[in-house]
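Just below is one structure, and these are the notes that go with it.
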Amino acid sequence: MGGFGAMETLTFDSDDLDRTEEFLSRAYAKMRIGNGTPDSSRARIHRSAIDSVSIDELDLDFDMSYAVTPLGRICLCVVHEGTIEDHVYQGVSDSFGPGDVVSFAPPELSYAGRVHAARYNITMLDPDLLTQVAATADTRRPEPVRLTGHRPLSPAAGDRLRTTIRYVQDHVLADAAVADQPLVASTAAQHLAATVLATFPNTASTDPTGPDRQDAHPAALRRALAYIDDHADRPLTVAQIAEAAHISVRALQYAFRRHLDSTPLAYLRQVRLSHAHDELAAADPEDGSTVTDIAARWGFYHPGRFATLYRHAYDRPPRRTLRDG
């Protein structure tokens, strides 16, 4: 898949086990599968994907064993119905049922297990996304962030991740016109990555060090604000903003908290909201301009949430700004 934007979808429906194995090997990584219930073997899979994130819904009406080579990606699983049993990778053996949300295995490890007539969701993301949003990404010595556990830190954290996956599915990947907006794609991918970090134990450390506190001075903050103002129309990560300010991500987060009582991404959202406002005021609804299109162009992919943010900032619904100009 190419740069941010270009959404891809694919659908697979077959009761031929060899074809299913071949499809799964192409869609994930080289794997061997087996059928424990030979009287049925139907597999239905639907994938929606943008650059660094793919979300698949799988429905298997048979018991399938699997042995998968390393994916090189973070692979999350949400079980809707049925069970996944004897799921094993180095040092871990576990089973999952309806409602569970787990990380299948570290990107560099192979894994195996059995699916029992299950309907489940597989969400995969590029491991680099974690480093882009994590507070350890030191511009001088960026260390890849890794997940250190496969179960959520708490049931509430698991619920939030499930909600976020569904949110990206329903409000980004359900509409190619929205998903193909570069700012939507980057915002959604970062939102998902940040939620993954908040859900599972990991190596990111958020407490600023002594040097971070020293680096978080007003001049660095001014550089960060200027960079955001100049590049708000492009996909931006916290790591890029920190690099432009010549400080670590942790120092950047600390500077925003200390001087503005905010975060870099909250400020970026505010700047983009202001651009969306200007565009709404200048647009002509007679030309076919819509609130949804303008919001998506500035990275807002949930119309209801955009309307709430907009009303809060401008004391009126975005529709009225578009109508009254």
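Counted by atom type alone, Ser103 and His150 present zero donor-acceptor pairs between their side chains at under 3.5 Å. When only modelled atom types and interatomic distance are considered, Arg114 and His116 share a side-chain donor-acceptor pair under 3.5 Å. Counted by atom type alone, Asp13 and Thr11 present zero donor-acceptor pairs between their side chains at under 3.5 Å. No hydrogens or angles considered: nothing links the side chains of His275 and Asp233 as a donor-acceptor pair under 3.5 Å. For the residue pair Asp100 and Tyr120, no side-chain donor N or O sits within less than 3.5 Å of a side-chain acceptor on the partner.
Ser14 places a side-chain N or O within donor-acceptor distance of the main-chain N or O of Asp16, the cut-off being under 3.5 Å. The backbone N or O of Ala232 sits less than 3.5 Å from a side-chain atom of Arg272, completing a donor-acceptor pair.
Listed by chain and number, the residues in a salt bridge (Lys or Arg N to Asp or Glu O under 4.0 Å) with Arg26 are Glu22 (sequence neighbours excluded). Listed by chain and residue number, His277, Tyr310 satisfy the ring pair (Phe, Tyr, Trp, His ring centres under 6.0 Å) test with Tyr314 (two or more places apart in sequence, or in another chain). For Arg311, the side chain to side chain donor-acceptor pair (under 3.5 Å) test picks out no residue, with sequence neighbours left out.
Checked for salt-bridge contact, Asp61 and Arg42 miss the test: no charged N lies under 4.0 Å from a carboxylate O.
For the pair Arg47 and Tyr28, the cation sits on the ring face: its NZ or CZ lies under 6.0 Å from the ring centre, inside 45° of the axis.
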Item checked: Worked check of side chain to side chain donor-acceptor pair (under 3.5 Å) between His87 and Asp94 -> CA-CA 5 Å; His87 179 81; Asp94 206 347; over 6 Å; no

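The aromatic rings of His302 and Tyr167 sit parallel, their planes meeting at an angle under 30°, below the 60° perpendicular limit.
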